[in-house]
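Reviewing the structure listed below.
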Amino acid sequence: MEPVLTADGVVQRYGGRRVLGPIDLRLEAGGGLAVRGANGSGKSTLVRIVAGREAPDEGGVRVCGKPPREADLEFRRDVFVLDEAVFYPDLTVREHLELAAIGHGAGGGAADLVGRAVERCRLAGHADMAPGRLSKGLQQLMMLAGLLVRPPARLAVLDEPERHLDGDARDLLAVLVEEAREQGTAVLLATHDDALAERVCDARTDLS
Ligand SMILES: Nc1ncnc2c1ncn2[C@@H]1O[C@H](COP(=O)(O)OP(=O)(O)OP(=O)(O)O)[C@@H](O)[C@H]1O
């Protein structure tokens, strides 16, 4: 079967300076690949490329058999991306998650699905607040809850999902990633957390 993600000879430059690559990646369904590297080594750049937000200067990337394109509806159905938190200022936590659930086909089951995700992600006391009023950690948990309100993605691209999370929340993050992999989701995890990478991934690539 074709891998969920391949990258061949990917290079990115900004202002003529090479900030990433050349890098090759290969990730099969249900696989977990950790991307490690110091600040500025290009992890977020790689995530943006795999998430279809920018094209590399050199090399090729394929996600589910096609070049990644964030604007493509099918791509957004196949790929879950967690990076910077972005919110609608007028919607509550629950409404954000309902929007995601409905967008991914939950129909009349959206409210129940969201209720369970909110409980599991420790958002129960905050579900009717605007995310902008929450701590960064709770905002991060809301982003993670997005994994629970949609059918399993073919690929999850996670950029430092551990940021702002305390120990218990990191444990929940690890469990959610493990569950996603068991359901067949391939996981690309850019992280500074070695313990998390060890626990939830079976391969790693180091950017320098
Ligand atoms: N849009 C941009 N224009 C110019 N330079 C950029 C741009 N985005 C990133 N860079 C530079 O590219 C390099 C890689 O940045 P990137 O954010 O990918 O690193 P990172 O490994 O994710 O770092 P961190 O762990 O701090 O998030 C850095 O030197 C950064 O300053």
Side-chain angles (χ1 to χ4, degrees), residues 3-27 31-63 67-72 75-76 78-87 131-132 134-147 153 155-167 169-174 176-177 180-181 185-208:
V4 174
L5 165 67
T6 57
D8 294 297
V10 167
V11 169
Q12 191 64 304
R13 293 190 187 83
Y14 294 129
R17 185 170 71 94
R18 191 172 71 190
V19 299
L20 175 70
I23 181 166
D24 301 323
L25 302 175
R26 192 180 173 87
L27 188 52
L33 175 62
V35 180
R36 303 281 290 109
N39 289 330
S41 59
K43 299 183 299 298
S44 298
T45 302
L46 177 63
V47 163
R48 286 195 299 277
I49 290 170
V50 173
R53 296 193 183 148
E54 58 186 79
D57 283 322
E58 287 176 29
V61 179
R62 293 181 83 77
V63 173
R69 252 190 85 229
E70 188 185 34
D72 179 350
F75 178 84
R76 293 211 301 274
D78 285 341
V79 181
F80 175 85
V81 179
L82 189 158
D83 56 358
E84 297 294 328
V86 184
F87 311 118
L134 302 181
S135 69
K136 298 273 187 202
L138 288 171
Q139 290 177 4
Q140 194 69 1
L141 285 170
M142 183 189 105
M143 308 279 285
L144 268 179
L147 262 178
L155 174 65
V157 183
L158 311 175
D159 190 5
E160 294 179 39
E162 75 276 8
R163 77 183 108 186
H164 311 302
L165 298 185
D166 63 21
R170 284 187 188 214
D171 193 53
L172 173 64
L173 161 65
L176 294 180
V177 173
R181 287 192 57 194
T185 301
V187 175
L188 183 72
L189 170 68
T191 184
H192 286 288
D193 184 335
D194 276 328
L196 177 69
E198 279 285 311
R199 174 167 167 187
V200 305
C201 292
D202 46 19
R204 66 183 267 171
T205 188
D206 289 280
L207 305 181
S208 52

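For ligands, and for the atoms within them, numbers begin at 1 and follow the listed sequence.
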Exercise. With Q12, which of R18, R17, E54, R48 fulfils side-chain hydrogen bond (donor to acceptor under 3.5 Å, both in side chains)?
Worked result: E54
Seminar exercise, completed: Shortest non-hydrogen pair, R53 vs V81, comes out as NH2-CG1, 3.6 Å
For this session: Salt-bridge test for R199 and D171: reply yes if a basic N is under 4.0 Å from a carboxylate O, no otherwise.
Result: yes
Problem set entry | Value rounded to 0.5 Å, distance of OG1 in T191 from CD in E162 | 3.0 Å
Problem set entry | Separation of T185 OG1 from L176 CG (nearest 0.5 Å) | 11.5 Å
Seminar exercise, completed: Ordered by chain then number, the protein residues lying under 4.0 Å from ligand 1 by heavy atom are Y14, R17, V19, A38, N39, G40, S41, G42, K43, S44, T45, R48, E160, H192
Exercise. Near E198 CD, under 6.0 Å, is it more than 12 heavy atoms from other residues, nucleotides or ligands?
Worked result: no
